[in-house]
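The basis for the numbers below is simple: all heavy atoms, side chains too, and nothing from hydrogens, waters or symmetry mates.
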Amino acid sequence: MLLPTLLSVLLVLAFFGVLAYALVKISAVLESIGGTPTSYLAKLRLGLRAIEKETSHLAPNVVQVNAGLGKIAGGLVSVDRHLVGTIAAVVNQEKR
């Protein structure tokens, strides 16, 4: 009864030892990727934050732009109808 218990404890300790070793290695790799202010990840984060700040004022204005574009679309439909009528009148006139 004692032997299986000791083997289980040793196995659990070995598992946690391997797990700790792997986590330390992963942490070292992640630190080299983005842990310093001059790393590529830090530069990317800084650039994305700048883009976010520079474009933050666009969201409220997009609603106004969409409303204006909707009015323009309505006007273009009217222009299209007039052009279709004009073309039909020219075709009818040429047939005479």
Side-chain angles (χ1 to χ4, degrees):
M1 182 75 178
L2 184 61
L3 184 62
T5 304
L6 285 176
L7 287 176
S8 296
V9 168
L10 287 175
L11 193 59
V12 167
L13 288 176
F15 172 74
F16 283 120
V18 169
L19 182 64
Y21 176 76
L23 288 176
V24 167
K25 287 292 194 182
I26 290 170
S27 176
V29 170
L30 290 176
E31 187 73 27
S32 71
I33 291 172
T36 63
T38 59
S39 68
Y40 289 121
L41 187 60
K43 290 177 183 177
L44 180 64
R45 184 176 55 238
L46 182 66
L48 290 175
R49 185 161 295 154
I51 291 170
E52 179 184 17
K53 286 184 180 183
E54 292 294 323
T55 59
S56 64
H57 67 282
L58 293 177
N61 295 330
V62 168
V63 175
Q64 294 173 350
V65 169
N66 281 342
L69 289 175
K71 292 176 183 176
I72 290 172
L76 289 175
V77 169
S78 176
V79 168
D80 183 50
R81 276 191 237 123
H82 288 291
L83 286 175
V84 168
T86 303
I87 291 171
V90 168
V91 168
N92 286 336
Q93 195 173 23
E94 285 181 356
K95 288 181 181 178
R96 290 182 196 179

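For the atom pair CD1 (Ile26) and OH (Tyr21), the distance works out to 11.0 Å, reported to the nearest 0.5 Å.
At least one donor-acceptor pair under 3.5 Å links the side chain of Ser8 to the backbone N or O of Pro4.
Members clustered with Leu6: Leu2, by chain and number, using a 4.5 Å side-chain heavy-atom cutoff among hydrophobic residues. Hydrophobic clustering, defined by side-chain heavy atoms of Ile, Leu, Val, Met, Phe, Trp and Tyr closer than 4.5 Å, groups Leu13 together with Val9.
Under the 4.5 Å side-chain contact rule for hydrophobic residues, Phe16 and Val24 do not share a cluster. Put simply, Val77 and Ile72 are part of two different groups of oily side chains (I, L, V, M, F, W, Y) that touch within less than 4.5 Å, one to the next.
Side-chain contact check for Glu54 versus Ile51: every heavy-atom pair is 4.5 Å or farther apart.
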Listing, residues 78-91 side-chain donor-acceptor contacts under 3.5 Å, not counting sequence neighbours, or none:
{"unit_1": "Thr86", "atom_1": "OG1", "unit_2": "His82", "atom_2": "O", "d": "2.8"}

